[in-house]
Amino acid sequence: QVQLVESGGGSVQAGGVLRLSCTVSGATVSDNCMGWFRQAPGKEREGVAGIDTDGTTSYVDSVKGRFKISKDVAKNTVYLQMNRLKPEDTALYYCAAAPGQLLFSSLVLAADQYHYWGQGIQVTVSS
């Protein structure tokens with residue numbers, strides 16, 4: 001049984017920093033494309049960042065230069081380092097896993113490509 005557990009969310013002021021972690025069991029981060037998604041109230045779920053099996057990363061334009069996704073194979077954990085946070089980053093953030101390599105950025109950031117999901121963790125950025 002594949003389980004993804006997010007941690008590290010919380011409330012910060014604009015310009016602040018948070019690091020989200022996603023610990024995986026029942027699968028390996030090396031064999032899965034791993035993604036971070038977010039959903040704000042009244043909005044659709046949005047792909048934020050993804051890291052493919054070969055380590056290639058993809059980001060939505062709104063977070064490029066501010067967020068960084070990485071993975072620690074030994075710890076079977078994926079991270080999302082979020083810098084210079086903005087109020088519009090406020091959302092419920094989800095970690096997800098897609099078996100195999102997705103290869104194309106458009107697929108890496110597409111929620112329907114992912115089979116396994118965490119329960120979500122809240123990130124709130126105040127102005």
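Positions are given from 1 along the sequence. Computed from a prediction, not measured in an experiment: that's the story for all the values here.
For Ser11, there are no side-chain hydrogen bond (donor to acceptor under 3.5 Å, both in side chains) partners at least two apart in sequence or on another chain. Annotation: ring-ring contact (aromatic ring centres under 6.0 Å, His included) contacts of Phe37 (sequence neighbours excluded): Tyr114, Trp117. Applying the side-chain hydrogen bond (donor to acceptor under 3.5 Å, both in side chains) rule to Gln3 yields no partners; only residues at least two apart in sequence or on another chain are considered.
Ser62 and Glu46 make their closest contact through OG-OE2, 4.3 Å (heavy atoms, listed as atom of the first residue, atom of the second, distance). Shortest non-hydrogen contact noted between Leu4 and Cys95 is CD2-SG, 3.5 Å. Contact record, Ser30 with Lys71: CA-NZ, 4.2 Å, taken as the closest heavy-atom pair. Contact detail for Thr57 and Ile69: the closest heavy-atom pair is CG2-CG2, 3.7 Å. Smallest separation of non-hydrogen atoms from Asn76 and Ser25: ND2-N, 4.5 Å. Heavy-atom minimum distance, Leu109 versus Ser58: CD2-O, 4.1 Å.
For the side chain to side chain donor-acceptor pair (under 3.5 Å) condition, the pairs that include at least one residue of residues 79-90, sequence neighbours left out, are Arg38-Asp89, Arg66-Asp89, Gln81-Asn83. Residue pairs meeting the ring-ring contact (aromatic ring centres under 6.0 Å, His included) criterion with at least one member in residues 41-72: none, sequence neighbours excluded.
The structure places OH of Tyr93 at 7.5 Å from CG of Leu80, a figure rounded to the nearest 0.5 Å.
In the hydrophobic clustering of this structure, Val78 groups with Val48; members are Ile, Leu, Val, Met, Phe, Trp, Tyr whose side-chain heavy atoms approach within less than 4.5 Å, directly or through other members. No path of Ile, Leu, Val, Met, Phe, Trp and Tyr side chains, each step under 4.5 Å between heavy atoms, connects Val29 with Leu103, placing them in separate hydrophobic clusters.
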Q) Does the side-chain contact (heavy atoms from CB on, under 4.5 Å) test come out yes or no for Thr23 and Ser7, once each step is laid out? A) CA-CA 8 Å; Thr23 301; Ser7 60; 5.6 Å; no
Q) Given Leu20 and Glu6, is the side-chain contact (heavy atoms from CB on, under 4.5 Å) satisfied, shown in steps? A) CA-CA 7 Å; Leu20 302 182; Glu6 302 101 337; over 6 Å; no
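Using a 4.5 Å cut-off on side-chain heavy atoms (C-beta onward), Tyr94 and Cys22 make no contact. Under the 4.5 Å side-chain criterion, counting only non-hydrogen atoms from C-beta, His115 is not in contact with Val2.
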Donor-acceptor pairs are to be reported for all side-chain atoms of residues 120-127 against protein atoms at under 3.5 Å, with residues two or more places apart or in another chain.
from   : atom 1 : to     : atom 2 : distance (Å)
Gln122 : NE2    : Ala91  : O      : 3.4
Gln122 : NE2    : Thr124 : OG1    : 3.3
Ser126 : OG     : Val12  : O      : 3.4

